[in-house]
Amino acid sequence: MKIRPIDGIIHGFALMHAATTILCTLSGMPDSMPLTILTMALAVLICYRENLTVEITVMALILVNTLGFILGNIGALIPLSGFPAIWQHALSTFAVTEILGWSLFLFAHRFAPGGAAGYERKQNWYRNASWLVIAIAIVFGIRLYIEANYTGNLLMENSGAVIILVVTTLICLIFMVNFALQMQREVSAQRSRRHQAEFNYMTLKNQINPHFLFNSLNVLDSIIQGGGSREEASEYVQKMAALYRYVLKQEGKRLVPMKEEVEFARTYQELIRIRFPEGLAFRGLFSDEDLYGYMVPGTLQLLIENAIKHNAISADNPLVVTSRIEDGAIVVQNNRIPKLTPVSSTGIGLQYIRNQYRDIAGKEILVQETDHSFSVTIPILHESIV
């Protein structure tokens, strides 16, 4: 069984806590200050490893020491028959350290950032280290005050102190929960920005793909050399320019009106038709009046490109790409015509589209595949989320 570094850290500190209580009991010394030092060291180490900020580390320091003190005092009240008093104290200290260590680690690990955010958190430690020093001094001051004024079980001797400890615990818990929610929003926003950048890159990459440019220029050359008119060549160039103009215009936008997206897809279809005059058909089973709502820019073009990439095109067995509106979604479907040499599929294009609709609207796209057809259902979004 593989032992992770965090296992060794938490178990090691738990054993050190237990050993400290035994040594202090045997030597007749109080163990509160050494245990406080060990507990603070454990909390700081976990928070630093998981890239938590200094501010949340300060709250964690206060919280684990407060909870450790409360749980330790409660543990001292629980009799363990069959064990000498010295071992009872050591076992309860070991158990409390394990509980605190794993609880803090699970919290910290759940909200630990990576990449640039993780680096920024590391720098935060150097900028705000003074707060950590102040927190350590406060914890030591509280423990020294308790040592000087109470010799027994504080929870049994002073109800006012119990109230203070409970309030302190609640304040720290509220602060850490608020931090957790804030980090969750931050991670979600970072993921959304990353997916948006990836999708924009994918869309632009498809348009400036060397193969796309090469094929488009070949088609233009065929128009010119094949006796096509100046107007035909000019129209073709204008359609190519419209594609790039749309991509640049929508750069950075998360959503565009559905009517604009469909118009862009039609322009792309017209270019593809010139390249494949036979064996390829596009059918839009809806009217312009049906085009209300919003879509992620480039979605339809990516789906059309996907159909052409993975299917054979011939006059004898045409590839038909159909678009229709159905139950608040637009469905893009094509018949399947396997190529003699299949093109490997990474699924990246569909995954980018899926990520966008999850991030923006919390909705899923639906991919359905049979031996004879392939379809993708894209939810039509509404103005309320734009």
Chemist: How close do Ser323 and Val332 get, heavy atom to heavy atom, and via which atoms?
Modeler: OG-CG2, 4.1 Å
Chemist: Going by heavy atoms in the side chains, are Val376 and Val331 under 4.5 Å from each other?
Modeler: no
Chemist: Could you go through the side chain to side chain contact (heavy atoms under 4.5 Å, CB included) check for Val367 and Arg354 one step at a time?
Modeler: CA-CA 10 Å; Val367 179; Arg354 182 177 286 111; 3.6 Å; yes
Chemist: Taking ILVMFWY side chains as joined if any heavy atoms are under 4.5 angstrom apart, and letting links pass through other members, which residues group with Phe94?
Modeler: Leu15
Chemist: Test your reading of the model: is there a side-chain donor-acceptor pair from Tyr357 to the backbone of Leu381, 3.5 Å cut-off?
Modeler: no
Chemist: Starting from the C-alpha separation in whole Å, work towards a yes-or-no answer on side chain to side chain contact (heavy atoms under 4.5 Å, CB included) for Ile304 and Phe282.
Modeler: CA-CA 9 Å; Ile304 295 169; Phe282 297 101; 3.6 Å; yes
Chemist: Side chain to side chain contact (heavy atoms under 4.5 Å, CB included), that's the test. Do Ile330 and Leu300 meet it? Break it down for me.
Modeler: CA-CA 9 Å; Ile330 185 165; Leu300 296 180; 4.2 Å; yes
Chemist: Counting only heavy atoms not in Glu364, do more than 12 fall under 6.0 Å of its CD?
Modeler: yes
Chemist: Check whether any side-chain heavy atom of Val96 sits under 4.5 Å from a side-chain heavy atom of His17, and report yes or no.
Modeler: no
Chemist: Taking atom CD of Glu260 and atom CG of Leu291, what is their separation to the nearest 0.5 Å?
Modeler: 11.5 Å
Chemist: Which residue pairs pass the salt bridge (Lys or Arg N to Asp or Glu O under 4.0 Å) test with at least one member in residues 90-108, sequence neighbours excluded?
Modeler: none
Chemist: List for me each residue that meets side-chain hydrogen bond (donor to acceptor under 3.5 Å, both in side chains) alongside Gln269, sequence neighbours excluded, and say none if there are none.
Modeler: none
Chemist: Can you tell me how far CE of Met29 sits from OG1 of Thr20, rounded to the nearest 0.5 angstrom?
Modeler: 10.5 Å
Chemist: For residues 11-23, which residue pairs pass the salt bridge (Lys or Arg N to Asp or Glu O under 4.0 Å) check, not counting sequence neighbours?
Modeler: none
Chemist: Tell me whether Thr21 contacts the main-chain N or O of Ala18 through its side chain, where contact means a donor paired with an acceptor under 3.5 Å.
Modeler: yes
Chemist: Evaluate the side chain to side chain contact (heavy atoms under 4.5 Å, CB included) criterion for residues Leu366 and Ser375: first the C-alpha distance (whole Å), next the side-chain angles of each, then the deciding distance (0.1 Å), finally the verdict.
Modeler: CA-CA 8 Å; Leu366 176 63; Ser375 70; over 6 Å; no
Chemist: Linking I/L/V/M/F/W/Y whenever their side-chain heavy atoms sit closer than 4.5 Å, directly or via other members, would Leu35 and Ile22 fall into one cluster?
Modeler: no
Chemist: Using the side-chain hydrogen bond (donor to acceptor under 3.5 Å, both in side chains) criterion, which residues pair with Glu270? Sequence neighbours excluded.
Modeler: Lys239
Chemist: Which heavy atom in Pro34 sits nearest to a heavy atom in Cys24, and how many Å separate them?
Modeler: CG-SG, 4.3 Å
Chemist: Going by heavy atoms in the side chains, are Gln368 and Gln333 under 4.5 Å from each other?
Modeler: no
Chemist: Do Lys363 side-chain atoms and Ile380 backbone N/O form a donor-acceptor pair below 3.5 Å?
Modeler: no
Chemist: For the residue pair Trp102 and Phe105, does the interplanar ring angle fall in the parallel (under 30°), tilted (30 to 60°) or perpendicular (over 60°) class?
Modeler: perpendicular
Chemist: Measuring from Asp290:CG to Arg324:CZ, what's the distance to the nearest 0.5 Å?
Modeler: 13.5 Å
Chemist: Please report the interatomic distance CZ(Phe13) to CG(Leu100), rounded to the nearest 0.5 Å.
Modeler: 13.0 Å
Chemist: Minimum heavy-atom separation for Lys339 and Ala312, please, with both atom names.
Modeler: CG-N, 3.5 Å
Chemist: Nearest heavy-atom pair of Leu319 and Ala307: which atoms, and what distance?
Modeler: CD2-O, 3.8 Å
Chemist: Honestly curious: do Leu285 and Met295 fall in one hydrophobic cluster under the side-chain, below-4.5 Å linking rule?
Modeler: no
Chemist: Do Ile6 and Ile99 belong together in a cluster built from hydrophobic side chains that touch within less than 4.5 Å?
Modeler: no
Chemist: Heavy-atom count around Phe286 CZ within 6.0 Å, excluding the residue itself: above 12?
Modeler: yes
Chemist: As a test of understanding, state which of Asn335, Asn311, Leu303, Asn306 forms a side chain to side chain contact (heavy atoms under 4.5 Å, CB included) with Phe374.
Modeler: Asn306
Chemist: Rounded to the nearest 0.5 Å, what separation is found between the CD1 atom of Ile365 and the CZ atom of Arg358?
Modeler: 8.5 Å
Chemist: To the nearest 0.5 Å, what is the distance between NE2 (His382) and CE (Met258)?
Modeler: 10.0 Å
Chemist: Out of curiosity, does Phe276 fall in the hydrophobic cluster containing Val320 (side-chain heavy atoms, cut-off under 4.5 Å, transitive links)?
Modeler: no
Chemist: May I ask you to test the Ile46-Leu42 pair for a side-chain heavy-atom distance under 4.5 Å?
Modeler: yes
Chemist: For residues 367-378, which residue pairs qualify under salt bridge (Lys or Arg N to Asp or Glu O under 4.0 Å), counting only residues two or more places apart or in two chains?
Modeler: Arg336-Glu369
Chemist: I'd like to know if the side chain of Glu261 and the backbone of Gly298 have a donor-acceptor N/O pair within less than 3.5 Å.
Modeler: yes
